[in-house]
Amino acid sequence: MSKKLPKRSEDYSAWYNETVKRAGLAENSPVRGCMVIKPYGFAIWEKMQRALDDMFKATGHENAYFPLFVPKSFLEKEEEHAEGFAKECAVVTHYRLKADPDGQGLIVDPEAKLEEELIIRPTSETVIWNSYKNWIQSWRDLPVLINQWANVVRWEMRTRLFLRTAEFLWQEGHTAHATEQEAIEETEQMLGVYADFVENWMAVPVIQGLKSPAERFAGAVETYCIEALMQDGKALQAGTSHFLGQNFAKSFDVQFVNRENELTYPWATSWGVSTRMMGALVMAHSDDSGLVLPPKLAPIQVVVVPIYRQPEDLAKINEKVQPIVENLRSLGVSVKIDDDDKYKPGYKFAEYELKGVPIRLGIGMRDLENGTIEIARRDNLTKETLPIEGIEDKIVKLLDEIQDAIYNKALTFREDNTFVVDTWDEFKDQIEKGGFVMAHWDGSAETEDKIKKETKATIRCIPLNSMEMAGECVYSGNESAKRVVFARAY
RNA sequence: CGGGGCGUAGCACAGCCUGGCAGUGCGCACGGUUUGGGACCGUGAGGUCGCAAGUUCGAAUCUUGCCGCCCCGACCA
């Protein structure tokens, strides 16, 4: 096995796969399209979960859990929803195996056929709204603000670790409100929560926007999204928040009595982010030496590598390092001391770079004599030797600095790779080169579809915070009210 | 589902064309020397050559069938 990763500039996709595997985030599983999330990868996911869960709770949501299996009849109830998901559903038809009478092993017992097939949830709107029927009777029962952390299955034809897997982990929020206005506010609020998380924790800048009707969630009235740009110039949808109108309430016959004593349908939202964000995290920041993790999500923020020849030297180093580690821990910094004797320092340096640990401290006998310590930054691969006195404060500040630096680097990259384009030739050329392409669109599904067929570019979103400025559609020349974001996407 | 490729040690692969002892590198185990940017030497363990049938004195190698995986396309609310 080669020690070096493939280079991003030579083969981005091989670089991504190798980085994910070699950094110990995940590996392929024996089941096609599924993955094993390894401890280091899961530790990052747990930090994401923790931060998001706190944000959900702070906005008044509670966690609950609904079943993995969805009766097929539930999925059928909302027509568009059913149609949208039908092609990628795993279906349970039997509930028992038996010994193969003609040979070895087990076969599906034909006697044990389910009367109604069960779908393994691709999302949970239907099971949840079936429950909401019983939960919601009066305006006093609203709003219902529920989130669940769960796994879902979507039978994708082509999969890639984290970015698109047949089974993935996510959270799905499902809320019900008395008024349309309140539901729209919730949809927008949660989009804001996602944007806040992705920018301030993952250090990935995003564009908030609306999906075009063609890209909308099946069964939604409006889909909001956050879109991020990866280092290879392709876009990645990092999260979605849907205003579902009264579609599911009507399909599941959920009604409540409002303050005016009228029977009426509640308004719904749903919103989710998934382990796909792990892929975004890797592709947004990492380099040819491996992962680059933002300090706020790094399982290990600081690693200490003692450099020594004799066990006595290690003891002396530990004596000096131990109080620093304790101070850092009391300041909430996660620190690992790697005094494992099986590997040499050079190996460890490379290993922690691969794993994206933001700060590495090196300390040897020379430092003990000089009262110094070597501090190395993962994000820009620089290192300097500093006095050991007061190093804790420096480290705490540096972690914040690194968080900001990573964000700013990604932001600069996005700005340098966002292009305003007005002609079809320029458009085709720029899409080929990559990046976000801001262009006028006439708002029609035909134009959108033709552009997609000719260039493989899709409308990533119609940005929320951009000015209306009339223009001509880059493809059809028809009138357009504002520019939208085009890109090739994951 | 169409086109292409690949199944040999934990991993990456050579050997196959031209049939004749199952190989290399990494990793792993043990011993020693090493330790400020992926150390080195020595010894050793590890195999249903995807599965099945056929040809042959003899098959990883040739033939046929099957299975699995990967890449490209179709698909991805």
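The sequence lines fix the lettering, A, B, ..., with proteins before strands; numbering per chain opens at 1.
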Do A:Lys428 and A:Glu454 sit within salt-bridge range, that is, some charged N less than 4.0 Å from a carboxylate O?
no
With a 3.5 Å limit on both atom pairs, tell me what B:rG46 is paired to, counting Watson-Crick and G-U wobble, or say none.
none
Going by purine N1 to pyrimidine N3 plus the second Watson-Crick contact, or the G-U wobble pair, all under 3.5 Å, which nucleotide sits opposite B:rG54?
B:rC62
Hey, which of these two, A:Arg366 or A:Tyr343, hits RNA chain B nearer its 5' end, going by closest nucleotide?
A:Tyr343
For A:Glu353, answer base if it contacts any base atom (sugar-phosphate contacts may also be present), sugar-phosphate if it contacts only those atoms, and nothing otherwise; contact means non-hydrogen atoms under 4.0 Å.
base
Pair partner, B:rG19 [Watson-Crick or wobble, under 3.5 Å]:
none
Please work out if A:Gly84 contacts a base, only the sugar-phosphate, or nothing of the nucleic acid, heavy-atom cut-off 4.0 Å.
base
Basic-acidic side-chain contact under 4.0 Å: A:Lys348, A:Asp339
no
Once you apply a heavy-atom cut-off of 4.0 Å, does A:Arg160 come out as touching a base, just sugar-phosphate, or nothing?
nothing
P atoms of B:rC6 and B:rG15, separation to the nearest Å:
11 Å
Ion pair check, A:Asp379 and A:Arg377, cut-off under 4.0 Å:
yes
Below the 4.0 Å mark, does B:rG36 have OP1 or OP2 next to a side-chain nitrogen or oxygen of A:Lys344?
yes
Describe the nucleic acid contact of A:Glu83 in one word from base, sugar-phosphate, nothing, applying a heavy-atom distance below 4.0 Å.
nothing
Please name the residue in the list A:Arg8, A:Arg378, A:Lys409 that meets the salt bridge (charged side-chain N to carboxylate O under 4.0 Å, His left out) test with A:Asp287.
A:Arg378
For the pair made of NZ in A:Lys87 and C1' in B:rC75, what is the distance, rounded to whole Å?
7 Å
Using 4.0 Å as the upper bound for N to carboxylate O, is an ion pair formed by A:Glu401 and A:Lys394?
no
How close or far is atom C1' of B:rG2 from atom CE of A:Met157, stated in whole angstroms?
12 Å
Provide, to the nearest angstrom, the distance between the CG atom belonging to A:Asn28 and the P atom belonging to B:rA12.
11 Å
Can you find a side chain N or O atom of A:Arg309 that sits less than 4.0 Å from OP1 or OP2 on B:rU35?
yes
Heavy-atom count check: over 12 atoms from other residues, nucleotides or ligands less than 6.0 Å from A:Glu185 CD?
yes
Rounded to whole Å, CZ of A:Phe162 lies from C1' of B:rC76 at a distance of 20 Å
Applying a 4.0 Å non-hydrogen cut-off, can you work out what A:Lys383 is touching in the nucleic acid: base, sugar-phosphate, or nothing?
base
What interatomic distance, in whole Å, is found between P of B:rC40 and the corresponding atom of B:rA53?
47 Å
If I take atom CG in residue A:Asp338 and atom C1' in nucleotide B:rU35, what distance separates them, rounded to the nearest angstrom?
13 Å
A:Ile373 CD1 - B:rG36 P separation (whole Å)
17 Å
Residue pair A:Thr159/A:Lys348 against RNA chain B: nearer the 5' end by closest nucleotide is A:Lys348
I need the CG-P distance between A:Asp341 and B:rG32, as an integer number of Å.
13 Å
Rounding to the closest angstrom, what is the interatomic distance between B:rG47 and B:rC28 at atom C1'?
16 Å
Can you tell me the base-pairing partner of B:rC76? Count Watson-Crick or G-U wobble geometry only, both distances below 3.5 Å, and say none if there is no partner.
none
What's the gap between B:rG10 and B:rC62 when it is taken at their P atoms, as a whole Å value?
24 Å
Across all strands shown, which nucleotide pairs with B:rC11 by Watson-Crick or G-U wobble geometry, both distances under 3.5 Å?
B:rG25
Touch check for A:Ala218, heavy atoms < 4.0 angstrom, all strands: base, sugar-phosphate only, or nothing?
sugar-phosphate
When the ring planes of A:Trp267 and A:Phe243 are compared, do they come out parallel, tilted or perpendicular, using 30° and 60° as the limits?
parallel
For A:Leu161 and B:rC69, give me the distance from atom CG to atom P, rounded to whole Å.
16 Å
